[in-house]
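In what follows, a single structure is set out as structure tokens and then discussed.
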2 protein chains.
Amino acid sequence: MTIDSLRADKRAKALSKDRIVEAAIAILDGEGEAGLTFRALATRLATGSGAIYWHVADKTELMTAASNAIMGRAMEAVDAEMEPRAGIRAVALAVFDAIDAHPWAGAQLFRDPAGSAMVEIIEGIGGRLLALNVPGAALFDAGSALLNYILGVAGQNAANARGHPAEVDRAAFLQAVAERWTERDPAAYPFVHRVAARLADHDDRAQFLAGLDLILAGIGALTEASDVLPRSGRAAPRAER
Amino acid sequence: MTIDSLRADKRAKALSKDRIVEAAIAILDGEGEAGLTFRALATRLATGSGAIYWHVADKTELMTAASNAIMGRAMEAVDAEMEPRAGIRAVALAVFDAIDAHPWAGAQLFRDPAGSAMVEIIEGIGGRLLALNVPGAALFDAGSALLNYILGVAGQNAANARGHPAEVDRAAFLQAVAERWTERDPAAYPFVHRVAARLADHDDRAQFLAGLDLILAGIGALTEASDVLPRSGRAAPRAER
DNA sequence: ACCTGAACACCGTTCAAGT
DNA sequence: ACCTGAACACCGTTCAAGT
């Protein structure tokens with residue numbers, strides 16, 4: 001037996017941070033955040049719970065690594081060569097879809113504000129704002145508006161999926177929310193009554209994009225104001241003064 | 001006064017859900033979310049942990065009640081008679097300030113999407129969008145953009161304050177985040193490098209308002225487009241086709 | 001009715017002991 | 001070096017027993 005085949009053999013069975021993180025992702029996806037315990041993880045990996053601590057410092061590091069793996073893959077798939085506005089939409093959708101598929105990763109984003117997942121998202125958006133020539137004074141505001149919007153949606157998606165793992169009836173959940181809304185006095189809560197019906201049947205993803213475009217329109221106004229990159233499309237150019 | 005007489009004094013006041021919730025808020029504010037245990041709560045109330053369950057179903061109900069108490073007070077303080085745009089800013093600031101003072105309440109918002117705190121915020125924003133005559137088709141988008149932005153900030157504030165209770169050095173925390181950002185390759189992460197310096201010294205509250213105004217500007221563009229409420233100031237009406 | 005506090009079924013984490 | 005699994009110090013929650 002060669003050294004190589006010994007190593008290959010050992011590598012297939014040996015515990016490693018990678019194998020632990022992949023097992024954690026599988027549990028998080030299948031059972032939800034509450035399902036991930038060191039005991040469950042040890043059972044799945046056919047080892048003792050203490051063995052995991054040889055490769056991973058604690059549960060925080062495990063969650064961080066799992067979330068960064070998911071978000072990293074999602075961000076890698078974003079085409080770097082798109083037009084900046086389309087690129088921002090692509091980054092936002094990559095985050096949205098990753099969190100739709102792995103809601104626990106949405107909650108994790110908030111817990112690791114300097115982690116690689118967050119940095120990739122911020123640069124993915126902000127780098128494209130630079131390419132759009134958003135004026136320096138507005139860069140921070142624009143980036144923060146976009147980031148916070150995306151994080152807000154991420155947090156809501158994570159919360160909506162809390163408890164019920166994977167594919168459980170989202171429409172029924174939103175239906176129940178809408179019903180609790182409409183229990184209130186229509187005179188005192190007109191908006192809530194007006195939009196309740198749309199809550200259950202609306203397309204989350206399309207809704208997410210619509211809100212994003214609204215913010216991009218606000219940023220477009222800043223950009224126009226500096227006369228650097230007039231916005232094309234349905235908005236007419238500014239009238240002359 | 002002896003410890004025993006203090007205990008007797010506290011026990012003289014009967015337990016009630018209100019007293020339990022107020023004690024929970026005090027612990028959450030003082031020790032953070034990890035500090036709130038039924039044992040700590042029972043000690044503070046000079047009772048047994050089981051007694052609390054007579055008034056409160058479980059920890060979820062306790063957290064929901066505590067969060068709703070905080071957010072309810074914050075929203076009550078918002079003047080109902082303001083001009084709609086100013087009113088939306090006032091609602092957003094009320095949420096921001098409440099969560100700045102009670103970060104745990106920010107995390108809680110996500111966990112109770114049909115709770116009274118969330119409904120008050122949604123109606124507080126959406127009712128004013130109705131007053132602004134935002135066209136029906138855009139109402140949902142505009143409300144969702146504003147809400148998600150506010151929630152995103154709430155979640156970040158909650159995360160930033162995690163662990164370090166109350167007044168611990170926020171600037172130092174953001175400084176550390178900025179340092180981790182700037183460890184990366186400046187060529188690959190130009191935006192992150194550009195804004196890192198502003199992260200530690202910027203005014204969170206002013207920043208929050210700037211992002212909000214950006215979104216309001218985007219909504220203003222929608223409102224203009226429907227010719228219902230032309231926005232005054234620098235933006236001109238649409239050109240004819 | 002309301003309260004007590006021990007008991008139960010979990011956790012994350014540690015660590016002496018093994019290979 | 002890497003792994004085992006019992007042990008420790010917690011939790012939320014329950015419940016027989018008290019007032």
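What you see is a predicted model; the values in this text were computed from it and never measured. Order of the sequence lines sets the chain letters (A, B, ...), proteins ahead of strands, with each chain counted from 1.
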Candidates D:dC8, D:dC3, D:dG12 - which lies nearest the side chain of B:F38: D:dG12
Residue A:L15, side-chain heavy atoms: nucleotide from D:dC3, C:dC8, D:dG5 that is nearest: D:dC3
5'-to-3' dot-bracket of DNA chain C (Watson-Crick, G-U; under 3.5 angstrom; crossing pairs as [ ]; | other strand): ||.|||||...|||||.||
Closest contact, heavy atoms only, B:L41 versus B:A24: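 Nearest heavy atoms, B:L41 then B:A24: CD1-N, 3.7 Å.
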Which atom of A:A154 lies closest to which atom of A:I99, heavy atoms considered: CB-CD1, 3.3 Å
Protein-nucleotide distance ([X], atom [atom1]; [N], atom [atom2]), rounded to Å:
X     : N      : atom1 : atom2 : answer
B:L45 : C:dG5  : CG    : P     : 14 Å
B:E31 : D:dC11 : CD    : P     : 12 Å
B:R39 : D:dG12 : CZ    : P     : 7 Å
A:I20 : D:dC3  : CD1   : C1'   : 11 Å
A:E33 : C:dC11 : CD    : C1'   : 14 Å

For DNA chain D, the residues among residues 50-59 of chain B that have a non-hydrogen atom under 4.0 Å from it: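 Within this stretch, B:G50, B:Y53, B:D58, B:K59 sit under 4.0 Å of the strand.
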Side chain A:E31, main chain A:L36, donor-acceptor under 3.5 Å: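 No: the side chain of A:E31 does not pair with the backbone of A:L36.
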Sugar-phosphate, base or nothing in reach of A:L36, heavy atoms under 4.0 Å: sugar-phosphate
Pairwise ring pair (Phe, Tyr, Trp, His ring centres under 6.0 Å) hits with a residue in residues 15-65 of chain B, at least two apart: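 Pairs touching residues 15-65 of chain B that pass the test: B:F38-B:Y53.
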Worked check of ring pair (Phe, Tyr, Trp, His ring centres under 6.0 Å) between A:Y149 and B:Y149: CA-CA 4 Å; A:Y149 172 72; B:Y149 172 73; 8.8 Å; no
Sequence neighbours excluded - side chain to side chain donor-acceptor pair (under 3.5 Å) pairs with any residue from residues 33-44 of chain A: A:E33-A:R111
Within residues 174-201 of chain A or reaching into it, pairs that qualify as salt bridge (Lys or Arg N to Asp or Glu O under 4.0 Å) - sequence neighbours excluded: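 Counting only pairs at least two positions apart or across chains, the salt bridge (Lys or Arg N to Asp or Glu O under 4.0 Å) contacts touching residues 174-201 of chain A are A:R184-B:E120.
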Inter- and intrachain pairs under salt bridge (Lys or Arg N to Asp or Glu O under 4.0 Å), touching residues 48-69 of chain B, at least two apart: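 The answer is B:K17-B:E61.
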Charged N-O contact under 4.0 Å between B:D100 and B:R205: no
